[in-house]
Q: 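Here it is, the structure in full.
Side-chain atoms are counted along with the backbone in the values below, which use heavy atoms only and exclude waters and symmetry mates.
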Amino acid sequence: MTLHSAVEQEIRTLIRQYGRITFAQFMQAALYSRRGGFYASDARIDAHFGTSAMTHPAFGALIARQLSEMWHLLGAPRAFDVIEVGSGDGSLARSIVDACRRTAPDFAQALCYVAADFEPRGPRSHPDIRRVKAEGLAAFRNVVGCILTNELIDNFPVHRFSVRDGRIEEIFVTVENGELAEVLGEPSSPRIEERIASLGLDLPEGFRGEVNLRLEDWTRELARALDRGFVLTIDYGGTASELYCGGDTLVCYHRHAVRQDPYRDIGRQDITCHVDFTSLMRLGERHGLTTVGYTTQRQFLTNLGFPSLLAALETQDVSAARGALSRLAMNALVDPQDYGDLEVLAQAKGLARDVRLAGFARPAP
């Protein structure tokens, strides 16, 4: 008899109850179930994948420059909120706050930093960071400042679909011969077909892809939480025309190895899906969030002064080996083979549509 983890047993129970479940239901349980979902477990996340914030504190230092400019554009209010959703181990929060202390003391005085996560991890003590356990933005209102996410939306559960006989059919998860398997059927929600139709895509027979319906609720939550200021989103993804030209963008990570099978090691591997930034921007506009910048992380960090930080390494009093390691880590932030091709989106509420941000001064090449 095969022994299944508690979270896989939960998934199989749902399938027995309903006959099949959507991939979004499967992904929700695999990542967030309190019975052993990947992000609800005690496992060290950095044992499976890295992020820009974990790679080098220069990432946070450059974002701090962008946040400081946002503060000035809002008129330098006495309190400037930064709500980082999906803060993980707090690496980004610490690097941002520490950079502000060193280089922008006036802004640091106004900065009210909240690091929110489904399951906060890592060191919790920092005098200028309030860490909270929260799912989404329901707990936040009247934010004046910036709502920030770094590699969060790619973990929102997605619906998967395939084109068969010229029609959109949803990919469901079921059990066949004792194993988790996929089966096609009528979409569980009309919103799946509506989203695809809204993008004006001409998808070929047999095409497989994903739709993130959670984006609709997410943009609504953003608009409700933000009174005046910005939303800064950094994630894997692209425009709809880019994402839906190559098919499935679902990727799994286990011990820093890339996988394509989400049904292995359930609860012990990350499951991600590239973000459709076209839909994110359009839905944002619908809820009063104006797009004021969109580029790659490589260009965003370069615009904010990455070359000067890299050059400053030469003046640091460290060993040659330490200096080389630091340069290697910093370059990973802008290398297209590492983090450089992540997308960065800035949206604004309560400001002029033509507001300009330094991070988006030059377009991506």
Side-chain angles (χ1 to χ4, degrees), residues 7 10-11 14 18 21-34 37-40 83-88 116-119 133-140 147-161 168 170-173 187-199 201 208-226 231-240 243-244 248-253 262 267 270-289 291 342-345 347:
V7 65
E10 177 183 325
I11 289 166
L14 283 172
Y18 298 106
I21 59 174
T22 66
F23 188 82
Q25 290 174 294
F26 167 84
M27 189 171 170
Q28 175 70 34
L31 294 182
Y32 303 109
S33 169
R34 294 295 180 184
F38 182 75
Y39 285 102
I83 312 297
E84 183 194 349
V85 187
S87 57
D117 199 89
F118 171 79
E119 196 66 54
K133 187 172 184 176
E135 296 183 36
L137 287 162
F140 302 102
I147 298 174
L148 167 66
T149 66
N150 179 50
E151 296 188 41
L152 171 72
I153 299 177
D154 66 324
N155 284 128
F156 285 1
V158 296
H159 293 260
R160 303 178 82 187
F161 70 89
I168 299 296
E170 185 164 4
I171 299 171
F172 293 88
V173 183
S188 60
S189 168
R191 292 189 296 156
I192 296 172
E193 294 174 283
E194 290 168 2
R195 172 72 64 76
I196 296 168
S198 74
L199 297 171
L201 304 170
R208 287 168 60 100
E210 303 84 25
V211 171
N212 187 338
L213 296 183
R214 174 76 175 87
L215 290 182
E216 297 173 20
D217 292 334
W218 175 247
T219 52
R220 187 180 299 111
E221 290 171 15
L222 285 171
R224 186 180 298 133
L226 185 65
V231 179
L232 190 63
T233 304
I234 306 170
D235 223 317
Y236 292 97
T239 62
L243 290 190
Y244 290 102
D248 202 329
T249 67
L250 196 84
V251 180
C252 305
Y253 295 92
D270 191 21
I271 306 174
T272 74
C273 184
H274 285 196
V275 177
D276 170 9
F277 277 88
T278 296
S279 292
L280 190 58
M281 287 184 268
R282 288 180 179 178
L283 290 165
E285 293 279 353
R286 187 182 302 172
H287 293 286
L289 300 174
T291 296
L342 269 74
E343 307 292 307
V344 186
L345 170 67
Q347 297 163 292

Q: Rounded to the nearest 0.5 Å, what separation is found between the CD atom of E210 and the OH atom of Y244?
A: 7.0 Å

Q: Which residues pass the ring-ring contact (aromatic ring centres under 6.0 Å, His included) test with F140, not counting sequence neighbours?
A: none

Q: Could you work out, with side-chain contact (heavy atoms from CB on, under 4.5 Å) as the rule, every residue matching L14, not counting sequence neighbours?
A: Q17, Y18, I21

Q: For N155, which residues count as a side-chain hydrogen bond (donor to acceptor under 3.5 Å, both in side chains) partner, sequence neighbours excluded?
A: Y39, D270

Q: Measure the spacing between CG of L31 and CZ of F26 and express it to the nearest 0.5 Å.
A: 8.5 Å

Q: So which atom in G238 and which in L243 form the shortest heavy-atom distance, rounded to 0.1 Å?
A: N-CD2, 3.8 Å

Q: V275 pairs by side-chain contact (heavy atoms from CB on, under 4.5 Å) with which of V158, D235, L345, L342?
A: D235

Q: State which residues pass salt bridge (charged side-chain N to carboxylate O under 4.0 Å, His left out) with R191; sequence neighbours excluded, sorted by chain then number.
A: E216

Q: D117: what forms a side-chain contact (heavy atoms from CB on, under 4.5 Å) with it, not counting sequence neighbours?
A: S87, E119, P120

Q: If you take all heavy atoms of I271 and C252, which pair is closest and at what distance?
A: CG1-SG, 4.2 Å

Q: Tell me, please, which residues at least two apart from S33 pass side-chain hydrogen bond (donor to acceptor under 3.5 Å, both in side chains).
A: E10

Q: Residues two or more places apart in sequence or in another chain: which of them pass side-chain contact (heavy atoms from CB on, under 4.5 Å) with H159?
A: T22, A24, E170, S188, I192, L213

Q: Not counting sequence neighbours, which residues clear ring-ring contact (aromatic ring centres under 6.0 Å, His included) with F118? List them please.
A: Y32

Q: With sequence neighbours excluded, tell me which residues meet salt bridge (charged side-chain N to carboxylate O under 4.0 Å, His left out) with R160.
A: E182, D248

Q: Could you tell me which residues satisfy salt bridge (charged side-chain N to carboxylate O under 4.0 Å, His left out) with E221, sequence neighbours excluded, listed by chain and number?
A: R214

Q: I need the minimum non-hydrogen distance between A240 and T278, along with the two atoms involved.
A: N-OG1, 2.9 Å

Q: Distance check, rounded to the nearest 0.5 Å: L222 atom CG versus D217 atom CG?
A: 11.0 Å

Q: Considering only residues two or more places apart or on different chains, which pairs with a residue in residues 274-288 satisfy salt bridge (charged side-chain N to carboxylate O under 4.0 Å, His left out)?
A: E285-R353

Q: With sequence neighbours excluded, what pairs up with F172 under the ring-ring contact (aromatic ring centres under 6.0 Å, His included) test?
A: none

Q: Shortest non-hydrogen contact from A29 to V7?
A: O-CG2, 3.2 Å

Q: On a heavy-atom basis, which atom in A223 and which in H287 lie closest, and how many Å separate them?
A: CB-O, 3.3 Å

